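Numbers here are sequence positions counted from 1. Small disclaimer: the values here were computed from a predicted structure and weren't measured.
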Amino acid sequence: MAQQQRRRPSSERRPSSSSSTNRSRRRAPAHAAPARHASSTRRPASQASYRTRRDSSAYAAQVRRQPKRRGSALPIIVAVVALLLVGLLAFLFLRSCGKGEGSTGGSSAQDQATVEQAQQDGQAGTEGDASGSASKKNKDGSVDIDLLMVGDILYHYQVRMSGLKADGSRNYDHVFAHVLDELKGKDIKVLNQETPLGGPVYQGSAPDGYDGYPEFNGPQEIGDAEVKAGFNVALKATNHAMDHSGSFSDPYTLVRSEQQFWASEHPEMAVIGQAKLDDEDSTVNDVYVFEKDGFKVALLNYTQDLNGNEGFDTLGVVSMLEEDHVRETMAKARELADMIVVFPHWGEEYNLEPVEMQYEWAQLFVDEGADVIIGNHPHVIEPVTVLEGEDGNKVPCYWSTGNFISTSPSDESLVGGIAEVTLHKDADGTCSVTSAEFKPVISHIGLDENMTTYLITDWTDELASTNYLNTEMNPDTDNTTLTPEWAASFCTQVLGSDYDTKSGTIKLDV
């Protein structure tokens, strides 16, 4: 297989590093603890005692003649002390209840440390998915990790313009607004950040100051929306990873700008598939490991090419689909983690079937210990299947998840999908994939906040009638005629008879 694959010349390769894997997590800002509800316990008001006053002098004289009673005030004192004790106990009880409520938000120093550690381990919920940090081991001591991945994030001109406001600011929350429920409860939420987010480091050729096809650059507010939606892993080993590298004296201008953005603004986002330029200890052979309750999952990302810009990556920053590199990083992943998920950027664009090189690489991944394979790059969905390893283990393989958001030039490329798997580790350490499914989505083409993505089951004829591909913004693209009926038929064609058009899901037999 090594002879059949295109491998980078040794002069372009980065020397193998023997440094330890960079497993450190950047600390995410801890969520603010909810205000503690202070419970104040008030003592019951004492009832006023009244003495009947006698005007009769005889009665008064009789009272004066009676012997004085010693200790007559003792019962009153005992009663008052008892009331004070009851009040104190009630106050302490209510206060302890208040502390119990506050501790779930990390109000004490110990709780705060626990929350911060959970964020470092990639377990804490992000905005849009507050349930992520609440996951615990199952009653039998086993642990489940739910992983989700969406396909290519392509910020073409019309997509970029959808977030531009009248005051010049940008916001892209609308792109993810209709898939937020799908993200909830997932531990690992992956997106393929296909196009660079270099931000305004130069004036681009498009009217909005950025660049589209064939070499991209987009606004960093896109990353803000991705994190807000709940994504916590971004793939950066793509064929566009070194876009515009020949336009600057420093070929890593866009790469460095985007890496600095993620590190400074969203350190909780795990950005994989590239070495970190500003970290001298980081190498392309580093392996990212997500951990939850002692269950460790390694995530690996490789790309088959850099659109002809391979020669500009003189430092070997981008993780390439090269046999030696793949075998080395997968061997390291086996040592560090319980399970391995591979995200290859492979195949042929707009091809509805995997090509020979995908089959060959998939076999190598399985032989090297991959438990799940989720691919992208073709810009259309391809079939999903289950491969089998030498020991009989079943490996779900998603050949291509297609596009998540784009204005690509065909109806086929407006249909993407969400891959979802559940990874399981028994109390005795045995690991397996317990569920795997695929749910198609539609890039809904619109202006302003109407540019968004729907699950195929949520996309109606009424919505289809409002699809608007602005051909002035996209002169090389025909207006779309996509309809729900056609989309359902197309998914059945690609995914096969096991695809359920009513639920919009295909489930794999794992």
Side-chain angles (χ1 to χ4, degrees), residues 6 8 12 14 151-161 163 170 172 175 191-223 226 234-263 269 271-278 284 301-322 343-350 375-379 403-409 413 473-474 476-477:
R6 177 171 168 275
R8 298 161 86 190
E12 294 178 13
R14 183 173 184 143
D152 301 348
I153 307 292
L154 288 165
Y155 277 86
H156 294 117
Y157 181 41
Q158 189 172 339
V159 182
R160 297 198 309 272
M161 292 299 290
R170 292 175 181 265
Y172 295 92
V175 171
L191 57 83
N192 179 52
Q193 185 54 61
E194 176 89 7
T195 52
L197 302 181
V201 293
Y202 72 100
Q203 180 64 34
S205 60
D208 67 337
Y210 291 98
D211 282 315
Y213 181 83
E215 293 197 76
F216 289 84
N217 181 39
Q220 294 175 339
E221 289 86 349
I222 291 166
E226 293 168 351
L235 307 180
K236 287 303 303 178
T238 80
N239 57 309
H240 290 285
M242 293 295 293
D243 278 6
H244 289 292
S245 54
S247 303
F248 305 95
S249 57
D250 176 10
Y252 297 105
T253 296
L254 294 189
V255 175
R256 178 174 282 103
S257 179
E258 181 174 352
Q259 288 188 357
Q260 289 174 344
F261 161 74
W262 289 120
M269 176 72 87
V271 182
I272 69 174
Q274 293 180 356
K276 296 176 177 59
L277 288 166
D278 293 338
V284 75
N301 180 210
Y302 313 98
T303 182
Q304 65 185 16
D305 64 69
L306 296 174
N307 285 351
N309 287 320
E310 287 83 354
F312 289 105
D313 187 15
T314 56
L315 300 178
V317 168
V318 183
S319 176
M320 300 300 296
L321 196 57
E322 298 172 342
F343 302 94
H345 205 76
W346 62 1
E348 291 186 8
E349 292 185 340
Y350 307 107
N376 51 4
H377 171 63
H379 301 310
N403 294 334
F404 180 79
I405 188 71
S406 75
T407 57
S408 285
S413 58
M473 291 185 180
N474 305 277
D476 297 328
T477 305

Flag the pair Tyr155 / Tyr172 as yes when their ring centroid distance falls below 6.0 Å, and as no otherwise. yes

Please confirm whether the ring centroid of Phe216 lies under 6.0 Å from the ring centroid of His156. yes

Can you list everything that forms a side chain to side chain contact (heavy atoms under 4.5 Å, CB included) with Pro378? Sequence neighbours excluded, please.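 Pro378 satisfies side chain to side chain contact (heavy atoms under 4.5 Å, CB included) with Val380, Glu382, Ser400 once adjacent residues are dropped.
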
Non-neighbouring partners of Asn403 that pass side-chain hydrogen bond (donor to acceptor under 3.5 Å, both in side chains), sequence neighbours left out: His379, Ser406, Ser408

Which heavy atom of Tyr252 sits nearest a heavy atom of Leu315, and at what distance?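 Heavy atoms of Tyr252 and Leu315 come nearest at OH-N, 2.9 Å.
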
Gap between atom OG1 of Thr407 and atom CE of Met473 - 0.5 Å precision: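 One finds 10.0 Å between CE of Met473 and OG1 of Thr407.
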
Pairs touching residues 237-248 that satisfy salt bridge (charged side-chain N to carboxylate O under 4.0 Å, His left out), sequence neighbours left out: none

Pairwise salt bridge (charged side-chain N to carboxylate O under 4.0 Å, His left out) hits with a residue in residues 194-209, at least two apart: Arg160-Asp208, Arg170-Asp208

Worked verdict on Thr303 versus Asn239 for side-chain hydrogen bond (donor to acceptor under 3.5 Å, both in side chains): CA-CA 6 Å; Thr303 182; Asn239 57 309; 5.4 Å; no

The criterion is ring pair (Phe, Tyr, Trp, His ring centres under 6.0 Å); which residues satisfy it with Phe248, sequence neighbours excluded?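 Only Tyr202 meet the ring pair (Phe, Tyr, Trp, His ring centres under 6.0 Å) criterion with Phe248.
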
Please check if the number of heavy atoms outside Tyr157 that lie under 6.0 Å from its OH is greater than 12. yes

For Glu258, salt bridge (Lys or Arg N to Asp or Glu O under 4.0 Å) partners two or more places apart: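 Glu258 satisfies salt bridge (Lys or Arg N to Asp or Glu O under 4.0 Å) with Lys236 only.
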
Just by distance, with hydrogens left out, do His244 and Asn217 show a side-chain donor and acceptor under 3.5 Å apart? no

Does the side-chain hydrogen bond (donor to acceptor under 3.5 Å, both in side chains) test come out yes or no for Asp278 and Gln260, once each step is laid out? CA-CA 8 Å; Asp278 293 338; Gln260 289 174 344; 3.2 Å; yes

